[in-house]
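Before any comments, here is the structure.
Scope of the values below: all heavy atoms of this structure, side chains included, with no hydrogens, waters or symmetry mates.
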Amino acid sequence: MKVNMKISKNTMNMLKNFSDINMSIEVKAGNTLRTVSVQKNILAEASVDESFPQDFAIYELNRFLGASSLFEDPDFEFGPKTVRIGDDKRSIAYVYCDPTMIVTPPENNINVPDPEVRFRLTQDSLSQVLKAGQVLGTPEISVESDGNQMLMKALDVNNDSSDTFKIDLGASSQTFRFVFKTENFKMIPNDYDVEISSKGIAKFSKENLQYWVATESSSTFGG
């Protein structure tokens with residue numbers, strides 16, 4: 001049985017964001033999209049307005065999005081092996097791939113064990129630190145505290161003489177330095193509730209959108 005549906009611009013934007021994490025995706029029946037990076041150090045999940053009628057896998061997500069962009073307001077008709085993208089006069093039969101060909105997320109989301117650090121990260125602060133990292137060419141982003149002030153930095157942890165950009169995140173009585181690869185900050189610009197655990201994982205949450213990002217081995221807590 002074939003099912004015909006629309007896919008909203010918001011969902012398309014979410015798929016575009018997920019393509020930055022993994023070029024491929026397996027979509028499960030329902031309204032939840034999930035992806036994981038090939039290195040398995042980034043996991044993302046989003047609830048969307050649409051409910052997909054079946055499981056299907058796309059090998060090149062950007063190619064699928066590009067094919068969809070050929071039409072102003074396409075219909076998506078999902079069949080057993082292909083999805084028909086198009087309108088009354090034109091269409092593309094886009095072929096699914098075998099899910100075993102791609103890296104797919106684990107069945108369950110990652111638990112953030114006993115997060116020691118929690119804070120609110122504004123869209124403005126996130127955008128600024130990412131822009132600074134791009135301008136300065138810094139490979140890492142850190143969230144750190146000296147026991148008084150918590151900062152987010154764009155920096156090179158292996159080069160003390162490199163340029164460093166920092167944003168004040170408020171007061172903190174703890175001492176820590178959690179380090180992330182700049183390239184792993186794939187989040188859509190937004191306000192996020194952040195939880196970080198010294199067990200090596202951080203969670204960024206915004207209503208129906210969540211990202212889990214691994215911290216680097218150079219991270220420290222306490223001491």
Check Ser19 against Asn62 and note the closest heavy-atom contact, atom names and distance.
OG-OD1, 3.2 Å
Residue pair Ser161 / Asn159, side-chain donor-acceptor N/O under 3.5 Å
yes
Distance (rounded to the nearest 0.5 Å) between Phe18 CZ and Thr11 OG1
10.5 Å
Partner residues of Ser173 under the side chain to side chain donor-acceptor pair (under 3.5 Å) criterion, sequence neighbours left out:
none
Of all the heavy-atom pairs spanning Met150 and Asp168, show the shortest one and how long it is.
O-OD1, 3.5 Å
Applying the 4.5 Å side-chain criterion to the ILVMFWY set and letting contacts propagate, would Leu61 and Ile7 be lumped into a single cluster?
yes
Can you list every pair that meets salt bridge (charged side-chain N to carboxylate O under 4.0 Å, His left out) and has a residue in residues 32-50, with sequence neighbours left out?
Arg34-Glu45
Main-chain N/O of Gly79 paired to Tyr96 side chain as donor or acceptor, under 3.5 Å
yes
Min side-chain heavy-atom separation Met5-Pro53 under 4.5 Å:
yes
Identify, with sequence neighbours excluded, every residue that meets ring-ring contact (aromatic ring centres under 6.0 Å, His included) alongside Phe178.
Phe176
Using a 4.5 Å side-chain heavy-atom cut-off and chaining through intermediate ILVMFWY residues, the residues clustered with Ile110 come out as Val36, Val38, Leu43, Val103, Val112, Ile201, Trp212
Give the minimum heavy-atom separation between Tyr94 and Glu60, together with the two atoms involved.
OH-O, 3.4 Å
With sequence neighbours excluded, what pairs up with Glu116 under the side chain to side chain contact (heavy atoms under 4.5 Å, CB included) test?
Gln174, Ser197, Ser198, Phe221
Ser24 side chain vs Tyr59 backbone, donor-acceptor pair below 3.5 Å
yes
Across all chains, not counting sequence neighbours, the side chain to side chain contact (heavy atoms under 4.5 Å, CB included) partners of Asp20 are Lys186
Within the supplied structure, the quantity of interest is the number of heavy atoms (other residues, nucleotides, ligands) at a distance under 6.0 Å from Lys206 NZ; does it exceed 12?
yes
Examine distances only and state if a side-chain atom of Thr182 and a backbone atom of Pro139 form a donor-acceptor pair shorter than 3.5 Å.
yes
Side-chain touch Ile25/Leu15, heavy atoms, less than 4.5 angstrom:
yes
Passes side-chain hydrogen bond (donor to acceptor under 3.5 Å, both in side chains), Ser142 versus Glu144? Steps please.
CA-CA 6 Å; Ser142 71; Glu144 57 187 77; 2.7 Å; yes
Heavy-atom side-chain proximity of Val83 to Glu77 below 4.5 angstrom:
no
How many angstroms lie between CD in Glu140 and CZ in Arg177, if you round to the nearest 0.5 Å?
8.5 Å
Tell me, please, which residues at least two apart from Ser68 pass side chain to side chain contact (heavy atoms under 4.5 Å, CB included).
Met12, Phe64, Phe76, Ile85
Test item: Leu155 and Phe165 side chains (from C-beta on) under 4.5 Å apart, heavy atoms
no
Applying the side-chain contact (heavy atoms from CB on, under 4.5 Å) test to Ser219, which of Val143, Ile196, Val179 qualifies?
Val179
Note: Ser125 and Ile167 closest approach over all heavy atoms is O-CD1, 3.3 Å
Sorted by chain and residue number, the side chain to side chain donor-acceptor pair (under 3.5 Å) partners of Ser37 (sequence neighbours excluded) come out as Asn41
At what distance, to the nearest 0.5 angstrom, does CE of Met23 lie from CZ of Arg63?
10.0 Å
Take atom CG of Asp98 as the centre, draw a 6.0 Å sphere, and report whether it contains more than 12 heavy atoms from other residues, nucleotides or ligands.
yes
Would you say the side-chain atoms of Tyr211 and Asn17 include a donor-acceptor pair closer than 3.5 Å?
yes
Gln39: what forms a side chain to side chain donor-acceptor pair (under 3.5 Å) with it, not counting sequence neighbours?
none
If you round to the nearest 0.5 Å, how far is CD1 of Ile21 from CD1 of Ile42?
5.5 Å
Starting from the C-alpha separation in whole Å, work towards a yes-or-no answer on side-chain contact (heavy atoms from CB on, under 4.5 Å) for Leu33 and Val27.
CA-CA 6 Å; Leu33 298 174; Val27 176; 4.0 Å; yes
Are Asp75 and Lys6 within salt-bridge range, i.e. N to O under 4.0 Å?
yes
Check against side-chain contact (heavy atoms from CB on, under 4.5 Å), Arg84 and Ile92:
CA-CA 6 Å; Arg84 179 191 178 276; Ile92 296 170; over 6 Å; no
Which distance, rounded to the nearest 0.5 Å, do you find between the CD1 of Ile58 and the SG of Cys97?
7.0 Å
Is there a donor-acceptor pair closer than 3.5 Å between any side-chain N or O of Asp124 and the backbone N or O of Ser127?
no
Could you state whether Ile102 and Met14 fall into the same hydrophobic cluster, counting links through intermediate Ile, Leu, Val, Met, Phe, Trp or Tyr residues with side-chain heavy atoms under 4.5 angstrom apart?
no
Could you walk me through whether Phe180 and Glu216 pass side-chain contact (heavy atoms from CB on, under 4.5 Å), step by step?
CA-CA 6 Å; Phe180 305 86; Glu216 296 301 301; 5.6 Å; no
Testing the basics here: between Thr104 and Glu26, what is the closest heavy-atom pair and its distance to 0.1 Å?
CG2-OE1, 3.4 Å
Looking only at side-chain N and O atoms, does Ser8 offer a donor or acceptor that is under 3.5 Å from a partner on Asn10?
no
Determine whether Phe204 and Phe185 satisfy the following criterion, ring-ring contact (aromatic ring centres under 6.0 Å, His included), listing intermediate values before the conclusion.
CA-CA 10 Å; Phe204 297 75; Phe185 265 51; 5.5 Å; yes
The side chain to side chain donor-acceptor pair (under 3.5 Å) partners of Arg120 (sequence neighbours excluded) come to Asp193
Return each pair, listed once, that meets salt bridge (charged side-chain N to carboxylate O under 4.0 Å, His left out) where at least one residue sits in residues 194-205; pairs must be two or more places apart or across chains.
Arg118-Glu195
Is it the case that the side chains of Ser51 and Asn31 hold a donor-acceptor pair, with the cut-off being a distance below 3.5 Å and no angle test?
no
Assess the residue pair Ile141 and Asn184 against the criterion (side-chain contact (heavy atoms from CB on, under 4.5 Å)); give the C-alpha distance rounded to whole Å, side-chain angles, the decisive distance to 0.1 Å, and a yes or no.
CA-CA 9 Å; Ile141 290 171; Asn184 291 341; over 6 Å; no
Side chain to side chain contact (heavy atoms under 4.5 Å, CB included) partners of Asp160, counting only residues at least two apart
none
So do Phe52 and Lys28 actually touch side chain to side chain, heavy atoms under 4.5 Å?
no
Any sub-3.5 Å donor-acceptor pair from Asn208's side-chain atoms to Ser47's backbone N or O?
yes
Distance col, row Leu130:CG vs Met152:CE, nearest 0.5 angstrom, shows 8.0 Å
